[in-house]
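Order of the sequence lines sets the chain letters (A, B, ...), proteins ahead of strands, with each chain counted from 1. This one's a predicted model, so the numbers in the text were calculated from it and none came from an experiment.
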2 protein chains.
Amino acid sequence: MSDAAVVSAALLIVGNEILSGRTHDKNIPYIAEKLGEAGIRLREVRVVPDVEGEIVDAVNALRGRYTYLFTTGGIGPTHDDITAECIAKAFGRPLTRHPEAFRRLVRHYENSDLEFNEMRQRMANTPEGADLIDNPISIAPGFVVENVFVMAGVPKIMQAMLQNAIPTLTGGAVMLSRTLISDLGEGTVAAGLQAVQDRFPDIDIGSYPNFTGSGFRNALVLRGTDPDGLEEAVQAVSALIVSLGGKPIDGDTP
Amino acid sequence: MSDAAVVSAALLIVGNEILSGRTHDKNIPYIAEKLGEAGIRLREVRVVPDVEGEIVDAVNALRGRYTYLFTTGGIGPTHDDITAECIAKAFGRPLTRHPEAFRRLVRHYENSDLEFNEMRQRMANTPEGADLIDNPISIAPGFVVENVFVMAGVPKIMQAMLQNAIPTLTGGAVMLSRTLISDLGEGTVAAGLQAVQDRFPDIDIGSYPNFTGSGFRNALVLRGTDPDGLEEAVQAVSALIVSLGGKPIDGDTP
């Protein structure tokens, strides 16, 4: 598929807790789906530890390569929250107290029985010139520097931040997806599927076997931006399944 | 923490289906945990699309940087399964038919009503000189080239392959983990936690807030290889929580 007009994104997960296996990431599928709906294709994900050099290097590698970079994690008040410092270093900008972020936090803690102490004040630090991403859940905002969107790691907060960020993004053509399920083995459909793929170079065709409680099923997923081309390819794969003695089931209807 | 004696690993997920949001990865936490038990620390994860150049570049970046590289996905019989070709390119080795892999597949399909066609025969291709990783589930093996372990993406198959691979790995010190849970806000414990972290530089201390159905809880996770140092740090964090009016709960007892 030609990538000329593709609006692309990468996700950088700052996450010792993912790398230790303690926390199961729930953010990748949510971000992939929401960006997809906005016409932005997630092209790479990296998970790195809470180590300054690793974060800075990954930010600089990814922000130059994709239209947008999203980061999750490391923006809380504790000593292991170092993402804001790292983004500042990656851009060669000073880390400064963001007046509006500070104002929001002052007001939030005034209305609580919690002290707005020095560590909590760290949550108002952003690279100089950053714009804020609103956080309706726990107030401490995310922020944007150029094409880098810095969000919380807690899924509920990340989701709210992403919803606030998405209207500010410029998307491309929305990727449409269709799924055909059958119990034909991957190797049974493989040659015919290759032929369909060759006939429709603008459609991405993937084959995803699955062993469920009720036995083997294979999902053939077709993705593309042109609805007519996609429908034609779906018909070709459907006919292939039937020709091999299978019964194609529409995997998109719940 | 000094990384001198650390045995490290990276995971490369070859996965259009992860990047589209269709499939939720279940392999990261399993691999992280099993490697951790073997004294190998997962230090980076990358998810890349089923695109040759992306896979080759990621393999070469990661295999040089970590003790071991594990890959998941892209070793089936369909046209989108290109991992074996990519590993061969990354090492500058020819892709060859592995005689033992071929023999296993011949025998497997002889005992089935499925044809051992050309696309299925692709599953016997490995870079020249590769060793096999047994696959007791669906026979088609994974393989090892130098420090790169190539496994299936389907979790059940990947798990069986990893179990077969782990006895061949040389691990370092096993990372021990302890968790203390309380309802104290992150900002409330942050300054004291920083002080404990400064006192125990060999222990990694992380703070992971969580909004459960029953309200806010924060998990403080301490990790290190020295049991005595870890226990001392746990006591210090526990005392910190008590001094701030909280009640530390042992998060490791189920």
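At a 4.5 Å heavy-atom cutoff, A:I13 makes no contact with chain B through either its backbone or its side chain. With a threshold of 4.5 angstrom between heavy atoms, B:I18 approaches chain A through its backbone and through its side chain. Using a 4.5 Å cut-off between heavy atoms, B:L19 touches chain A through backbone and side chain atoms alike. Of the atoms belonging to A:L193, heavy atoms from both backbone and side chain fall under 4.5 Å from chain B.
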Please list every donor-acceptor pair closer than 3.5 Å that links chain B with chain A, giving the two atom names and the distance for each.
{"from": "B:V45", "atom 1": "N", "to": "A:V47", "atom 2": "O", "distance (Å)": "3.1"}
{"from": "B:V45", "atom 1": "O", "to": "A:V47", "atom 2": "N", "distance (Å)": "2.8"}
{"from": "B:V47", "atom 1": "N", "to": "A:V45", "atom 2": "O", "distance (Å)": "2.8"}
{"from": "B:V47", "atom 1": "O", "to": "A:V45", "atom 2": "N", "distance (Å)": "3.1"}
{"from": "B:E54", "atom 1": "OE1", "to": "A:R65", "atom 2": "NH2", "distance (Å)": "3.2"}
{"from": "B:E54", "atom 1": "OE2", "to": "A:R65", "atom 2": "NH2", "distance (Å)": "3.0"}
{"from": "B:R65", "atom 1": "NH2", "to": "A:E54", "atom 2": "OE1", "distance (Å)": "3.3"}
{"from": "B:R65", "atom 1": "NH2", "to": "A:E54", "atom 2": "OE2", "distance (Å)": "3.0"}
{"from": "B:H79", "atom 1": "NE2", "to": "A:Q197", "atom 2": "OE1", "distance (Å)": "3.2"}
{"from": "B:H79", "atom 1": "NE2", "to": "A:I205", "atom 2": "O", "distance (Å)": "2.9"}
{"from": "B:D80", "atom 1": "OD2", "to": "A:S207", "atom 2": "N", "distance (Å)": "3.1"}
{"from": "B:N117", "atom 1": "ND2", "to": "A:G187", "atom 2": "O", "distance (Å)": "2.8"}
{"from": "B:R120", "atom 1": "NH2", "to": "A:T188", "atom 2": "OG1", "distance (Å)": "2.7"}
{"from": "B:G187", "atom 1": "O", "to": "A:N117", "atom 2": "ND2", "distance (Å)": "2.8"}
{"from": "B:T188", "atom 1": "OG1", "to": "A:R120", "atom 2": "NH2", "distance (Å)": "2.7"}
{"from": "B:Q197", "atom 1": "OE1", "to": "A:H79", "atom 2": "NE2", "distance (Å)": "3.2"}
{"from": "B:I205", "atom 1": "O", "to": "A:H79", "atom 2": "NE2", "distance (Å)": "2.9"}
{"from": "B:S207", "atom 1": "N", "to": "A:D80", "atom 2": "OD2", "distance (Å)": "3.1"}

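Among the candidates B:L11, B:I205, B:V48, B:L114, the residue making the largest number of heavy-atom pairs closer than 4.5 Å to chain A is B:I205. Considering only heavy-atom pairs separated by less than 4.5 Å from chain A, the leading option among B:L35, B:V221, B:I137 is B:V221. Top candidate by heavy-atom pairs under 4.5 Å with chain B, chosen from A:A191, A:G36, A:A10, A:A58, is A:A191.
A:P77 approaches B:G187 most closely through the heavy-atom pair CG-N, 3.6 Å.
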Checklist entry - Do B:V45 and A:V45 pass the side chain to side chain contact (heavy atoms under 4.5 Å, CB included) test, and can you show the C-alpha distance, the side-chain angles, and the key distance before you say yes or no? => result CA-CA 8 Å; B:V45 177; A:V45 178; over 6 Å; no
